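I have placed the structure first, in the form of structure tokens, so that the comments after it can refer back to it.
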Amino acid sequence: MTVAGNAVLPPPSSRRPVSWGSPLTYALALAVAAVSIAPVVYVIVGGFRTTPQIVADPAGFPDPWVFDNYARVLTQSDFWGQAFNSAVIALGTTLGVVVLGVCAAYVLARYTFRGREALYTFFTLGLLFPAGAAILPLYLMLRDLNLINSYYAVILPQVAFALPLTIVILRPFLTAIPRELEDAAAIDGTGRLGFLWLIVLPLSRPALVTVGILAFVTSWNAFLLPLLVLGDVSLHTLPLGVQNFSSQYTSDTAGILAFTSLAMLPALLFFTFAEKQIVGGLQGAVKG
């Protein structure tokens, strides 16, 4: 240690080197966030403008702020009917994904049987299967089952396509629960189903919330499947409502932006408020 005047300098070996890794990481993260958030902000703010304002200055801010576009959309009965359909389908999909996913993941995590890993690999391979490739056979199967133009025509396929990711996230959580807890519960007279209900589900809450939110947001934003199987206009969801509104009011750009903003707002808020739960659930899945 050297002394210069009244200042005591630490030895050179104890000085921390300057690292530019963190600033670069933060800059990259801010750039990605800006690219992701900018279109959403543009759509929401654009709903407070008039179409002439947007044509004159596409990148400008409202001057003055106009609330008629949102009021006009909210007073349409079609919007609320489509919102109801989206809510029913999204909630039904979420319930099916969570219930079936936790049941399958619990068996794959806590039971030992021949072919268990092969079955888990089969579910994992489902992540590689593009949903678009199954649209035509899926439509034919739903038609043969007389499910076309019903909520089930959207809910059941969405649950099936969401199960692989759900099981991949849930299985590590359920596997990480100590066997000692299960043994203690068995000594107390609790069966495996009781152990699942009383101990496993409360401990797996972050993972359950994660898969539930992902299923809800994915279902709310789904477009292709509802477009093909919901020919009845009264059953249309909000993404289809955006298309219908855009086709009906092609020259009303501000109104289309307002309708789009209101259509994506529930999923956006739902995802934002549960962000910490999603991060915690995915971190637990990676650690497991």
Side-chain angles (χ1 to χ4, degrees), residues 89-131 133-134 137-138 141-142 145 147 151-220 222 225 270-271 274-288:
I89 292 175
L91 292 175
T93 300
T94 303
L95 180 62
V97 167
V98 173
V99 172
L100 296 179
V102 74
C103 291
Y106 181 69
V107 172
L108 292 172
R110 311 298 298 187
Y111 287 70
T112 302
F113 55 91
R114 181 179 299 178
R116 183 181 69 169
E117 295 304 321
L119 182 59
Y120 178 68
T121 302
F122 177 77
F123 279 111
T124 305
L125 291 176
L127 297 173
L128 306 178
F129 186 78
L138 180 61
M141 182 178 65
L142 294 173
L145 294 174
L147 293 178
Y151 292 143
Y152 296 108
V154 183
I155 293 176
L156 295 179
Q158 287 185 156
V159 171
F161 285 120
L163 277 179
L165 179 61
T166 301
I167 294 173
V168 168
I169 293 176
L170 289 180
R171 193 196 186 199
F173 267 88
L174 304 183
T175 304
I177 297 176
R179 290 287 178 178
E180 290 77 6
L181 290 178
E182 188 172 358
D183 296 337
I187 294 174
D188 292 337
T190 304
R192 286 191 170 182
L193 291 179
F195 176 72
L196 170 64
W197 180 259
L198 298 176
I199 298 178
V200 172
L201 293 183
L203 292 178
S204 304
R205 180 176 175 272
L208 295 177
V209 173
T210 299
V211 298
I213 293 171
L214 293 177
F216 182 91
V217 173
T218 303
S219 175
W220 188 276
L225 181 60
F270 195 63
F271 190 87
E275 178 185 0
K276 292 183 179 180
Q277 294 287 344
I278 295 176
V279 173
L282 294 178
Q283 286 178 345
V286 172
K287 291 179 181 178

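Nothing here was measured: the structure is a model prediction, and the numbers come from that model. Atoms considered below: every heavy atom in the structure, side chains included; atoms not considered: hydrogens, waters and symmetry mates.
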Side chain proximity check, F123 to L119, heavy atoms < 4.5 angstrom: yes

Intermediate values then yes/no, side-chain contact (heavy atoms from CB on, under 4.5 Å), Y120 and T124: CA-CA 6 Å; Y120 178 68; T124 305; 3.8 Å; yes

side-chain hydrogen bond (donor to acceptor under 3.5 Å, both in side chains) contacts touching residues 101-115 (sequence neighbours left out): R110-E182

Rounded distance (nearest 0.5 Å) linking atom SG of C103 with atom CG of L108: 11.5 Å

Stepwise side-chain contact (heavy atoms from CB on, under 4.5 Å) test for V102 and L208: CA-CA 8 Å; V102 74; L208 295 177; 4.1 Å; yes

Heavy-atom side-chain proximity of L193 to W197 below 4.5 angstrom: no

Nearest non-hydrogen partners of I177 and S204, listed with the distance: CD1-OG, 4.1 Å

side-chain contact (heavy atoms from CB on, under 4.5 Å) between L91 and F216, worked out: CA-CA 7 Å; L91 292 175; F216 182 91; 3.9 Å; yes

Worked verdict on L201 versus R205 for side-chain contact (heavy atoms from CB on, under 4.5 Å): CA-CA 6 Å; L201 293 183; R205 180 176 175 272; over 6 Å; no

For residues 151-163, dump all side-chain donor-acceptor pairs below 3.5 Å to protein atoms at least two apart in sequence or in another chain.
unit_1 : atom_1 : unit_2 : atom_2 : d
Y151   : OH     : N85    : OD1    : 2.6
Q158   : NE2    : T93    : OG1    : 2.9
Q158   : NE2    : S219   : OG     : 2.8

Exercise: identify the closest heavy-atom pair between A207 and L170: CB-CD2, 3.6 Å

Minimal non-hydrogen separation, T94 against G212, with atom names: CG2-O, 3.4 Å

Contact list for residues 162-175, test salt bridge (Lys or Arg N to Asp or Glu O under 4.0 Å), sequence neighbours left out: E117-R171

Over 12 non-hydrogen atoms of neighbours within 6.0 angstrom of CZ in F122: no

Closest non-hydrogen atom pair, L127 against L165: CD2-N, 3.5 Å

Heavy-atom side-chain contact between I89 and W220 under 4.5 Å: no

Nearest heavy atoms of F195 and T190, plus distance in Å: N-CG2, 3.3 Å

CZ on R116 to OG1 on T121, rounded to 0.5 Å: 11.0 Å

Inter-residue atom distance L100.CG - T166.OG1, 0.5 Å rounding: 9.5 Å

L181 side, atom CG; L203 side, atom CG - distance, nearest 0.5 Å: 7.0 Å

